[in-house]
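Sequential numbering from 1 along the given sequence is applied to the chain's residues.
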Amino acid sequence: MSPTNDAKGSKKRAGRKRLPPLPAGPPLQFVVASHPDQFKANDTMRNIRSHVMYKHRGEHRAESPGDLQRGESSRHSMATTRTPSPTVVSAEEFTEDHHFLAPPSRHRSTIWDKEFYRIMSQSPSLDPIRNLAARIIAVTTAEPARSAPPSLDQGSEYPFPSGNVLSQESLEDLKHQYLLSSSFCQDPPWMTIVCSTHMSFLCHVSVACVFQDLTEGFLEDTPLTVYAKTNALRMIKDSLQGFNTSLDDFTILSILHLLISEVGSYDEDVFDVHHEGLVHIVHQRGGLSHLGLDGSVATFLIVLLLTFAVIRSQSEPTMLQGFVPSRRQSMMLERPLPVSPLLAPHGDLSILYGSCSEGTYQILVDMHELTRIFILRWNYVSDVFSPQASLDLASYDAHMQQIYARMLLLPPINVEIAPDWVYEACRLAALIYCRSIVQGVPFSESGNVMHSRGTGTGLSNNTVVSALLTALDSTDTSGFWGSMSGVFLWVCLLGGAASWTPSATPYEQGSENDTTAAWVRKSFALYAVKTVLECGFENAGAIVQGQRTMLQVQSLIDLKRGISSQ
């Protein structure tokens, strides 16, 4: 030992060039790392020293007890808040370097490994889905073997779990359990592909955590969900920096799952940054037709991005235009064609007759007829100034007014006498749909008008779209209405578009109405995503056709509103 110590002592410290001082940061700063060694990085240590000196000088500048008291109050206030997520990468920064994605949204708590260890130590009391997710996260994010503190309870220097218990489970066993228990996208061949890499598997688990949060009534991400999303984001960033992985299919799949986990959240900037990154990668690959896994990635991508476009009231992304997914065979039983007011083979909805009440079926027939007439009327190709054209257009308008009048006269359900919640959901959806088409206003405006309760309905919502969510939640959503899965999807897409108000910041307002609006928006967004995937890849062509019809309706509503305002 002695020669070693002498050798160390004889070394002279190399000269260092003094760096310019760092600017003062916020009063409270956090160091976020995924490995203990990162705490000792030069830049990290320099920032810590700078922060300490600014704080030290600031304390000496306090001129009165009042200043100190205000400082203590401020620190106490900060100490009671949750730990913020890492700084969000701006869109401008992203355009300069496409290898960056935005971290999880602001206003969410991060979770460090000590908290994760605490959660795992209490795992028997967790929901089974959360318990399984936590175990998968522990295994997929386990670091290579390294020295670790013997116990967190003994005040160790680095608050990281040893992983002696967390990382010894078999990933294959956990994957098997997950495939059997996952309620999100139950298509065994596809799920086997998604779970074949640590990154895409973890991204899928993070989405399952988001759905579980919603199921349990949490509007914001719970700590376990944030932990999963943070680690998934880290893996995606590592993949984007790899020469052989930056453009591969599993990177695309992982970003798509990242988009699902963020849709419906208050922070539109985070979603847009991820979306821009995805578009860039697909463009680099040469378009959808060049994506791999036998076309599965392109199919998964188009049904998701069209869903996002509908519920966010945006036009179809340019890279999707003209692409039609080929029909794919499924190893599962053939799922029913998603027939709805947006998609009726040969213009016939009779396949739904007997799957719902007579009143519900008539609503759906009227909504399909309204869709057909509206598109025909606003795509009229004849000479619009001719006498015949005037008669035709007037006839179309009158027919649509008649349909809307019938919907306004339909009675609401009476919850005291065998309530038909499927009928009520379709009735409320029809009111939103008709009002926007006939009056030429966005779905978001029609969905947020005050809702007039019918006698005995027991609904206490303030808007039509929130009443629609109450009605939908009152149905059996586990099977997506069975043979009426297309109708269920129509209701979810319409509810998603009707609840989407990007200019609002419901998480920050804090009022009861704002919280309700945020809940409705996120619920419909995740309902729509889950439904479009559950309809099956074998029906992807029909799903895309229905989604494009909905986008066309929204576009023509905008056209009508623009003409009416002139």
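- Between Cys426 atom SG and Asp366 atom CG the span is 12.0 Å, to the nearest 0.5 Å.
- In this structure a side-chain-to-backbone donor-acceptor pair under 3.5 Å is present from Asn539 to Pro336.
- Of the inter-residue distances, the one linking Thr245 atom OG1 with Asp238 atom CG reads 8.5 Å to the nearest 0.5 angstrom.
- When side chains are defined from C-beta on, Val365 does not count as touching Glu369, because their heavy atoms never get closer than 4.5 Å.
- For the atom pair Leu306 CG and Gln545 CD, the distance stands at 12.0 Å (nearest 0.5 Å).
- Under the 3.5 Å distance criterion, the side-chain polar atoms of Ser239 are left unmatched by any main-chain donor or acceptor of Ser246.
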Legend entry - Residues Arg435, Val464; criterion side-chain contact (heavy atoms from CB on, under 4.5 Å); working and verdict: CA-CA 11 Å; Arg435 184 178 186 273; Val464 178; over 6 Å; no
Inset, instruction - Go through Trp481 and Leu472 one step at a time and tell me if the side-chain contact (heavy atoms from CB on, under 4.5 Å) criterion holds. - result: CA-CA 10 Å; Trp481 295 0; Leu472 188 69; 3.6 Å; yes
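- Looking at Tyr404 and Leu370, their side chains never come closer than 4.5 Å, going by heavy atoms from C-beta outward.
- Contact record, Leu349 with Tyr361: O-CE1, 3.4 Å, taken as the closest heavy-atom pair.
- For the residue pair Met199 and Phe250, the shortest heavy atom distance occurs at CE-O, 3.6 Å.
- What you find for Leu352 and Ser483 is that their closest heavy atoms are CD2-O, 3.7 Å.
- Using a 4.0 Å cut-off between charged nitrogen and carboxylate oxygen, Arg130 and Asp213 count as a salt-bridge pair.
- Listed for the Ser555 side chain is no donor-acceptor partner under 3.5 Å among the backbone atoms of Leu551.
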Legend entry - Residue pair Ile236, Leu258: steps toward the side-chain contact (heavy atoms from CB on, under 4.5 Å) verdict: CA-CA 9 Å; Ile236 294 174; Leu258 195 62; 4.0 Å; yes
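- Side-chain contact of Asp476 with Ser478: a donor-acceptor pair under 3.5 Å is present, judged by distance alone.
- Atom CD1 of Ile351 has 12 or fewer heavy atoms from other residues, nucleotides or ligands within 6.0 Å.
- Tested against Glu262 for a side chain to side chain donor-acceptor pair (under 3.5 Å), the candidates Lys229, His275, His274 yield a single pass: Lys229.
- Listed for the Lys560 side chain is no donor-acceptor partner under 3.5 Å among the backbone atoms of Ser436.
- With a 4.5 Å cut-off on side-chain heavy atoms, Leu256 and Leu305 count as touching.
- Ser206 and Ser261 share no donor-acceptor pair across their side chains, judged by distance under 3.5 Å alone.
- Nearest heavy atoms, Trp190 versus Ser296: CZ3-CB, 3.3 Å.
- The distance from the OG atom of Ser265 to the CZ atom of Phe271 is 9.5 Å, given to the nearest 0.5 Å.
- For the atom pair CE (Met367) and OH (Tyr433), the distance works out to 8.0 Å, reported to the nearest 0.5 Å.
- Looking at Leu468 and Phe524, their side chains come closer than 4.5 Å, going by heavy atoms from C-beta outward.
- At least one donor-acceptor pair closer than 3.5 Å links the side chain of Asn448 to the backbone N or O of Ala498.
- For the atom pair Thr140 OG1 and Lys175 NZ, the distance stands at 11.0 Å (nearest 0.5 Å).
- Proximity of Gln177 to Arg135: side-chain heavy atoms (C-beta onward) are separated by under 4.5 Å at one or more points.
- Within the 4.5 Å cutoff, no side-chain heavy atoms of Leu259 are placed close to those of Leu304.
- Taking the six-membered ring for Trp and thresholds of 30 and 60 degrees, Phe300 and His257 have ring planes inclined between 30 and 60 degrees apart.
- Counting only N and O atoms by type, the side chains of Thr470 and Asp473 include no donor and acceptor under 3.5 Å apart.
- Residue Gly292 comes nearest to Arg285 through the heavy atom pair N-NH2, 3.5 Å, listed as atom of the first residue, atom of the second, then distance.
- When all heavy atoms of Pro338 and Ile543 are compared, the pair lying nearest together is CG-CG1, 3.9 Å.
- For the pair Ile403/Val438, no side-chain contact is recorded, criterion being any heavy-atom separation below 4.5 Å from C-beta on.
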Inset, instruction - Kindly determine whether Glu276 and Val273 satisfy side-chain contact (heavy atoms from CB on, under 4.5 Å), including the steps that lead there. - result: CA-CA 5 Å; Glu276 287 179 31; Val273 169; 5.5 Å; no
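- Arg427 contributes no side-chain N or O that, together with a main-chain N or O of Val422, makes up a donor-acceptor pair within less than 3.5 Å.
- Side chain of Gln547 to main chain of Val303: a donor-acceptor pair is present (N/O by atom type, distance under 3.5 Å, no hydrogens or angles).
- Residues Arg312 and Asp272 form a side-chain contact, since some pair of their non-hydrogen atoms from C-beta on lies under 4.5 Å apart.
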